Amino acid sequence: MNFKEIEKKWQKRWEEEERYKAIDFSNKPKYYILVEFPYPSGVGLHVGHTPNQIAMDIIARKRRAEGYNVLYPIGWDAFGLPTENFAIKNGVSPIKATADNIANFKKQIKSLGISFDWSREINTTDESYYKWTQWIFLQFFKKGLAYKATANINWCPNCKIGLSNEESEGGVCERCGTPTIQKPKTQWMLKMSDYAEKLLNGLDDTHYWESIKTMQRNWIGKSEGTLLHCSLVSGEKFDIFTTCIETVFGITYFVLAPEHELVDKIKDKIKNFDEVMAYRQASAKKSEFERREMLKEKTGCRLDGIYAINPLTGEKVPVYIGDYVLAGYGTGAVMAVPSHDQRDFEFAQKFNLPFVEVISGGNTTHKAFEKEDYLGKGCRLVNSGEYSGSTVEEAKKAINDYLEKSGKGKRITTYKMRDWVFSRQRYWGEPVPLVYCEKCGWVPVPDDQLPVTLPKVERYQPTDDGESPLSRIDEWVNTTCPHCGGKAKRETDVMPNWAGSSWYWLRYMDPHNDKEFASLDKIKYWNTVDIYNGGGEHVTRHLLYARFWHKFLYDNGLVSNPEPFDRRVQQGIILASDGSKMSKSRGNVVDPLKYVNEYGADITRLSHMFMGDYVESKPWREDTLKPCERLLNRIVQLADKVDKNAKTQNKLILAQSIKKISEDIEDLKFNTAISQIMVLTSSLEKNEQISEEDYKTLLSLLCPFAPHISEEMWERLHFEGRVDDKWPTYKEEDLLENVVEIAVQVNSKIVARLDINPNLTDAEILEFVKNSSEVKDIIAGKEVVKEIYVKNRLVNLIVK
RNA sequence: GCGGAUAUGGCGGAAUGGCAGACGCGCUGGAUUUAGGUUCCAGUCCGAAAGGGUGCAGGUUCAACUCCUGUUAUCCGCACCA
């Protein structure tokens with residue numbers, strides 16, 4: 001059988017008849033399947049990308065056969081660094097590089113016979129697309145959710161360029177190896193923190209995997225605690241945040257983040273200010289990466305001559321700065337209770353600071369007795385003044401009440417999730433559609449002037465002072481203020497790669513609309529994405545950004561549903577054969593086209609899905625190709641046995657297969673679904689003749705996995721209609737068996753396997769088992785104290 | 001350090017708390033073939049057997065790959081969650 005020729009024929013036919021086009025407002029029930037749209041890199045589509053498209057294609061094809069109006073679209077997430085760097089290196093324009101890469105990807109995807117609705121293809125770098133990315137950004141701006149703030153960027157002092165985290169991995173510049181430093185830069189921010197609570201609560205309305213919900217919850221990081229107003233002996237005030245106010249009597253020092261503003265305020269009073277500044281500078285040089293990696297060894301610096309007062313005890317304690325305290329979380333300052341916080345414990349040991357145990361019941365000689373250890377265990381306070389003797393829970397409440405009454409502090413909720421740094425000083429992104437006017441400040445570009453198109457530049461590199469290359473084009477930068485008509489300058493930063501992917505599923509619903517990003521009618525019809533498949537690496541950031549944008553649009557009446565995705569599932573990463581990550585630099589990228597050319601699309605698809613559990617990451621392997629090829633050849637040969645006059649002899653195995661394959665597809669267990677197709681095929685092969693109905697069922701079950709050959713065999717045998725016109729169903733009664741083998745245990749040990757009639761009552765079966773020759777002798781003369789019968793599975797007799 | 005996951009034959013992997021190893025790969029033997037390949041048939045967790053066996057140590061249960069506690073290793077993500 002020449003699979004490749006058949007596949008070309010069917011792919012052409014599907015395209016001509018627009019077979020997989022999703023119909024707006026169809027009367028059929030809708031089903032929206034989304035795969036993360038790929039980044040069209042120069043490496044080409046590789047087998048790391050393809051499983052998700054194949055897997056969702058299987059679901060899409062099954063759903064269509066079941067009578068759904070399926071939306072299964074595809075597009076390109078094409079802005080961003082890889083293409084920009086490729087452009088710089090090779091001296092081609094990113095526009096051309098993107099177009100070339102997309103053409104390549106498209107060819108590869110089409111060769112696999114994925115049933116995308118190509119009429120809805122989108123590309124984040126098209127002006128007609130990013131016009132709306134800019135427009136949505138302006139809605140954030142108009143609602144006060146886009147603001148300017150100073151944030152650190154990774155800066156290479158040698159290349160004089162801002163680097164992404166990826167480009168400065170390990171704290172060194174990827175290009176020249178120079179250690180990077182943290183450089184403050186004014187940036188656009190999106191106020192995601194305003195949506196923390198909504199993003200948290202909204203998870204309850206979704207059907208994401210529980211592990212994904214947990215990761216999002218942890219990322220949002222809601223934490224309820226106490227804001228405690230503290231002051232230095234010299235009078236200056238500062239706040240700290242703690243979740244463990246019950247340990248307040250155990251404070252033996254305070255620690256501020258190195259960048260904390262209080263340090264500047266009191267610099268005249270710090271005796272060792274030079275030393276403090278040196279520490280601060282050393283910390284600033286550390287990347288996030290280093291701060292994380294170096295925490296085995298706590299570092300810090302005492303503020304000599306500075307003491308703070310414990311607001312509850314009035315006690316005088318020293319103050320330190322230390323970079324284990326982060327400026328961006330809480331208040332950038334902590335109360336240190338070394339007996340009950342492990343980080344404080346380590347810091348105190350290093351700097352020889354005192355320990356005061358205030359929660360009894362633990363041992364604090366070698367490590368801290370932390371809240372995880374004492375909460376909910378009825379532990380009581382000690383060394384805590386009037387609170388000594390109270391339980392932790394009582395004390396927490398009483399101390400908080402006292403603080404609120406006395407004005408020394410209050411209960412607050414904080415979130416770990418930070419606002420989103422939304423500027424990049426780069427070229428290949430959506431220009432931020434704002435202009436700055438001396439008189440009017442930041443003014444949005446009016447809707448009728450959108451999009452602000454990305455101008456052509458000669459050099460794609462940022463400037464030496466770290467500004468976007470757009471800042472070099474004076475005639476572009478200089479413009480007039482849309483508000484007052486005076487002189488103004490355009491913002492030269494562009495948006496991050498994440499922007500275009502934060503609303504793309506909405507554009508698929510109405511991809512050619514030039515009046516709105518998508519019409520509300522169509523949004524109402526397609527509504528929530530029913531299943532969204534992507535990589536585990538996007539579970540926190542992309543998924544939160546996307547939900548954030550969607551919720552913002554919902555709050556402004558622009559979409560009809562509060563959550564964008566109902567189900568979120570993820571595929572395992574396909575690694576190279578040796579278990580390492582696939583990447584161009586390693587030269588271990590596997591091109592699916594290679595297998596399509598050699599074996600054809602159907603076998604390539606089957607072999608991808610047969611490789612193992614879809615959800616687990618695994619190395620690429622080729623040894624699943626052969627068995628899948630064998631399977632298809634066997635199914636083709638089986639056609640010779642099809643006989644118009646034959647009657648079905650396979651009710652049971654067919655019913656079992658329909659049930660198992662249907663359920664397995666829903667559960668993303670494609671590997672076991674294929675196993676069942678193999679089992680069914682083997683079973684049918686035992687027949688001399690096969691009825692048309694039986695063979696049709698086999699082809700329909702195979703179709704989502706291997707659509708080309710299924711269509712072809714259906715046509716060759718002149719069956720009516722098409723193979724995917726309807727999904728096979730079965731009758732419950734066909735699943736009933738006449739004889740079932742059960743295991744028989746005595747004292748939980750298997751002693752026999754017996755065939756039983758499952759229609760007998762439980763009592764009859766137990767009687768039958770006890771009287772069987774295999775069991776009779778073993779239990780003779782003993783007392784049966786317990787009898788367990790698990791239907792159609794086993795009998796366990798407990799005897800004494 | 002934190003968060004999420006994973007651990008089963010020579011290999012990939014199956015198993016609503018109920019017969020561990022489905023389905024494959026590989027391997028062994030046989031048939032077909034001038035030969036190789038293809039295809040087909042049989043066997044294949046370990047052990048001679050009694051038995052043993054799902055990373056390791058405990059626990060719950062008539063019964064544990066599955067649930068609980070602890071522990072180790074590996075993978076992914078990360079922004080030291082006070």
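Keep in mind the model is a prediction, meaning the values are calculated, not measured. Proteins come first, then strands; the chains are lettered A, B, ... in the order of their sequence lines, and each starts at number 1. The figures here come from the full heavy-atom set of this structure, side chains too, leaving out hydrogens, waters and symmetry mates.
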Legend entry - Where at least one partner belongs to residues 739-758 of chain A, residue pairs that pass salt bridge (Lys or Arg N to Asp or Glu O under 4.0 Å), sequence neighbours excluded: none
Legend entry - P-based separation of B/U54 from B/G21 [nearest Å]: 14 Å
Legend entry - P gap between B/G18 and B/A63, integer Å: 14 Å
Inset, instruction - Would you mind telling me which of B/A14, B/C19, B/A82 lies closest to the side-chain atoms of A/Arg793? - result: B/C19
Inset, instruction - Can you sort out the partners of A/His608 under side-chain hydrogen bond (donor to acceptor under 3.5 Å, both in side chains), two or more places apart, ordered by chain and number? - result: A/Thr50
Legend entry - is_close_aromatic(A/Tyr320, A/Phe254), centroid dist under 6.0 Å: no
Legend entry - Evaluation steps, side-chain hydrogen bond (donor to acceptor under 3.5 Å, both in side chains), between A/Arg621 and A/Ser607: CA-CA 9 Å; A/Arg621 36 194 288 142; A/Ser607 114; over 6 Å; no
Legend entry - A/Ile798 vs A/Gly332, nearer the 5' end of RNA chain B by closest nucleotide: A/Ile798
Legend entry - Any residue meeting side chain to side chain contact (heavy atoms under 4.5 Å, CB included) with A/Lys669, in chain and number order, not counting sequence neighbours: A/Asp664, A/Asp667, A/Asn671, A/Thr672
Inset, instruction - Answer yes or no: is there an ion pair linking A/Arg280 with A/Glu259, defined by an N-O contact shorter than 4.0 Å? - result: no
Legend entry - N/O (side chain, A/Asn671) to phosphate O (OP1/OP2, B/A14) under 4.0 Å: yes
Inset, instruction - Please name all residues satisfying side chain to side chain contact (heavy atoms under 4.5 Å, CB included) with A/Lys618, sequence neighbours left out, ordered by chain then number. - result: A/Ile574, A/Met611
Legend entry - Rounded P spacing from B/G43 to B/A22 in Å: 13 Å
Inset, instruction - Grab the CD-P distance between A/Glu537 and B/C76 for me, whole Å please. - result: 11 Å
Inset, instruction - For B/G77, take OP1 and OP2 only and decide whether either is under 4.0 Å from a side-chain N or O of A/Arg541. - result: no
Inset, instruction - State which residues pass side chain to side chain contact (heavy atoms under 4.5 Å, CB included) with A/Thr540; sequence neighbours excluded, sorted by chain then number. - result: A/Met215, A/Trp219
What N/O pairs connect the protein and nucleotides 49-51 of chain B at under 3.5 Å? Give each pair on its own line.
none

Inset, instruction - Taking atom P in both B/G77 and B/C27, compute the distance separating them and give it to the nearest angstrom. - result: 36 Å
Legend entry - Aromatic contact, A/Phe351 with A/Tyr253 (centres under 6.0 Å): no
Legend entry - Pairing residues for A/Asn52 by the side-chain hydrogen bond (donor to acceptor under 3.5 Å, both in side chains) criterion, not counting sequence neighbours: none
Inset, instruction - Please state whether the phosphate of B/A82, meaning OP1 or OP2, lies under 4.0 angstrom from any side-chain nitrogen or oxygen of A/Ser223. - result: yes
Legend entry - Worked check of salt bridge (charged side-chain N to carboxylate O under 4.0 Å, His left out) between A/Arg568 and A/Glu36: CA-CA 11 Å; A/Arg568 165 79 188 194; A/Glu36 283 176 356; 2.8 Å; yes
Legend entry - Heavy atoms of other groups near A/Glu737 CD, more than 12 under 6.0 Å: yes
Inset, instruction - Would you mind classifying the nucleic acid contact of A/Leu794 as base, sugar-phosphate or nothing, using non-hydrogen atoms under 4.0 angstrom? - result: base
Legend entry - Sidechain N-carboxylate O distance under 4.0 Å for A/Lys659, A/Glu663: yes
Please produce a list of atom pairs where a protein N or O lies less than 3.5 Å from an N or O of nucleotides 35-40 of chain B.
residue, atom, partner, partner atom, Å
B/U39, OP1, A/Arg630, NE, 2.8

Inset, instruction - Please work out if A/Lys660 contacts a base, only the sugar-phosphate, or nothing of the nucleic acid, heavy-atom cut-off 4.0 Å. - result: nothing
Legend entry - A/Tyr545: which of A/Phe422, A/Tyr195, A/Trp498 passes ring-ring contact (aromatic ring centres under 6.0 Å, His included): A/Trp498
Inset, instruction - Identify whether the distance between the nearest side-chain nitrogen and carboxylate oxygen of A/Lys770 and A/Glu787 falls below 4.0 Å. - result: yes
Inset, instruction - Report the residue (A/Asp613 or A/Thr331) whose heavy-atom-nearest nucleotide on RNA chain B is the more 5′ of the two. - result: A/Asp613
Inset, instruction - Check whether any side-chain N or O of A/Lys791 sits under 4.0 Å from OP1 or OP2 of B/G18, and answer yes or no. - result: no
Inset, instruction - Choose from B/A15, B/G18, B/C80 the nucleotide whose nearest atom is closest to any side-chain atom of A/Gln745. - result: B/G18
Legend entry - Charged N-O contact under 4.0 Å between A/Lys800 and A/Glu783: no
Inset, instruction - Note every stem involving RNA chain B: at least three consecutive Watson-Crick or G-U wobble pairs, i with j then i+1 with j-1, with both distances under 3.5 Å. - result: B:1-7 with B:72-78, B:10-12 with B:23-25, B:26-31 with B:39-44, B:55-59 with B:67-71
Inset, instruction - Look at the side chain of A/Ser617 and decide which nucleotide, out of B/C19, B/A82, B/C75, has an atom nearest to it. - result: B/C75
Inset, instruction - Assign B/G30 to syn or anti; the rule is syn for a glycosidic angle within 90° of 0 and anti otherwise. - result: anti
Inset, instruction - Identify whether any heavy atom of A/Met417 sits under 4.0 Å from a base atom; if not, whether one sits that close to sugar-phosphate; answer base, sugar-phosphate or nothing. - result: base
Inset, instruction - Run the numbers on A/Phe355 and A/Phe345 for ring pair (Phe, Tyr, Trp, His ring centres under 6.0 Å), then give the verdict. - result: CA-CA 8 Å; A/Phe355 290 64; A/Phe345 184 97; 5.2 Å; yes
Inset, instruction - Please state the C1' separation for the pair B/A79 and B/G4 - nearest whole angstrom. - result: 16 Å
Legend entry - Euclidean distance, atom NE2 of residue A/His542 to atom C1' of B/A79 [Å, nearest integer]: 19 Å
Legend entry - Residues touching RNA chain B, which here means a heavy atom under 4.0 Å, drawn from residues 782-790 of chain A: A/Lys786, A/Ile788, A/Val790
Inset, instruction - Between B/U33 and B/G37, how far apart are the P atoms? Round to whole Å, please. - result: 15 Å
Inset, instruction - Pick the P atom in B/G55 and in B/A20, then give their distance to the nearest Å. - result: 16 Å
Inset, instruction - Could you work out the separation of B/A15 and B/C23 based on their P atoms and round it to a whole Å? - result: 13 Å
Inset, instruction - Identify whether any heavy atom of A/Glu741 sits under 4.0 Å from a base atom; if not, whether one sits that close to sugar-phosphate; answer base, sugar-phosphate or nothing. - result: base
Legend entry - Separation of atom CG in A/Asn747 from atom C1' in B/C62, rounded to whole Å: 8 Å
Legend entry - Partner set under side chain to side chain contact (heavy atoms under 4.5 Å, CB included) for A/Glu629, not counting sequence neighbours: A/Tyr599, A/Ile603, A/Lys626, A/Asn633
Are any protein N/O atoms closer than 3.5 Å to N/O atoms in nucleotides 3-12 of chain B? If there are, list each pair with its distance.
residue, atom, partner, partner atom, Å
B/G3, O3', A/Asn218, ND2, 2.8
B/G3, O2', A/Asn218, ND2, 2.9
B/G12, O4', A/Arg621, NH1, 2.6
B/G12, O4', A/Arg621, NH2, 3.3
B/G12, O2', A/Met611, O, 2.5

Legend entry - Salt bridge A/Arg343-A/Glu370, side-chain N to carboxylate O under 4.0 Å: no
Legend entry - B/G13 phosphate, OP1 or OP2, under 4.0 Å from A/Lys669 side-chain N/O: no
Inset, instruction - Name the closest nucleotide to the A/Ser748 side chain, picking from B/G24, B/A63, B/G18. - result: B/A63
